[in-house]
Amino acid sequence: MRLSQGGTYFFTVVTYRRQSILCDEFVRDTLRGAIESVRCSRPFVIDAWVLLPDHLHCIWTLPEGDVDFSTRWMMIKRKVSLACKASYFRNDWITPSKQRHRESTIWQRRFWEHQIRDDADYSRHMDYLHFNPVKHRLVDRVLDWPYSSFHRYVKNGTYSHDWAIA
């Protein structure tokens, strides 16, 4: 792994009130489309990804000289919120603060981010991300979770199909 001048980052993004909606086909497809759209105007590499019902983890590498991941997340979250509004909007969850910030009821306001420092840090975050569905007891084996870049890494030989099985 070569760290970029733009930076490599680990993110956690959570749904509002921990709603279990991210694995719904419509939300997944909308999220995928929003990411593709944003990557056209503000490129970044998705090194790893796992989508769970109420949150996601991912690792991105930004282009050299570009550290603006916040605008990318704002654009992605906004596109998903607008596209999913009819199906997932909850008027009873709109607080004065959410109204003032023009927020939806799909996402928590913020996200957590960590800049990857070196190869060991990258490896730890890759493992954490891919093991997350097992940690949350969604599956018994990492291989069984369908919404993960783990499958891509098994195909390229980075992980074995039985990785993390006791």
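Source: prediction; values computed, not measured. Only this structure's heavy atoms are used, side chains among them; waters, hydrogens and symmetry mates stay out.
The distance from the SG atom of Cys84 to the CG atom of Leu22 is 9.5 Å, given to the nearest 0.5 Å. Between Asn156 atom CG and Ser149 atom OG the span is 10.0 Å, to the nearest 0.5 Å. One finds the CD1 atom of Ile46 at 7.0 Å from the SG atom of Cys58 (value rounded to the nearest 0.5 Å). Distance check, rounded to the nearest 0.5 Å: OG1 of Thr12 to NE2 of His114 gives 10.5 Å. Taking NZ of Lys77 as the start and CG of Leu82 as the end, the distance is 13.5 Å to the nearest 0.5 Å.
Side-chain atoms of Thr15 and Asp54 include no donor-acceptor pair closer than 3.5 Å.
Under the 4.5 Å side-chain heavy-atom criterion for ILVMFWY residues, a single connected hydrophobic cluster contains both Leu138 and Leu31. Leu129 and Val14 are assigned to two separate hydrophobic clusters, defined by single-linkage of ILVMFWY side chains at heavy-atom distances under 4.5 Å. Cluster annotation: Val27 and Met74 are assigned to the same hydrophobic cluster (Ile/Leu/Val/Met/Phe/Trp/Tyr, side-chain heavy-atom contacts under 4.5 Å, transitive). In the hydrophobic clustering of this structure, Leu143 groups with Trp163; members are Ile, Leu, Val, Met, Phe, Trp, Tyr whose side-chain heavy atoms approach within less than 4.5 Å, directly or through other members.
Of all heavy-atom pairs between Arg42 and Phe44, the closest is O-CD2, 3.3 Å. The two atoms that bring Pro53 and Cys23 nearest to each other are N-SG, 3.7 Å, heavy atoms only.
A 4.5 Å side-chain heavy-atom check between Met126 and Ile59 finds at least one atom pair inside the cut-off. For the pair Asp24 and Ile21, the minimum side-chain heavy-atom distance is below 4.5 Å.
Test Trp112, Trp60, Trp107 against Trp73 for ring pair (Phe, Tyr, Trp, His ring centres under 6.0 Å) and you get one pass: Trp60. For the ring pair (Phe, Tyr, Trp, His ring centres under 6.0 Å) with His57, the lone residue among Trp145, Tyr9, Phe10, Tyr147 that qualifies is Phe10.
Ion pairing between Asp66 and Arg72 holds under the 4.0 Å rule for side-chain N and carboxylate O. Between Arg124 and Asp127, no side-chain nitrogen of the basic residue sits less than 4.0 Å from a carboxylate oxygen of the acidic one, so the salt-bridge criterion is not met.
Note: His161 and His151 fail the aromatic proximity criterion, with ring centroids not under 6.0 Å apart.
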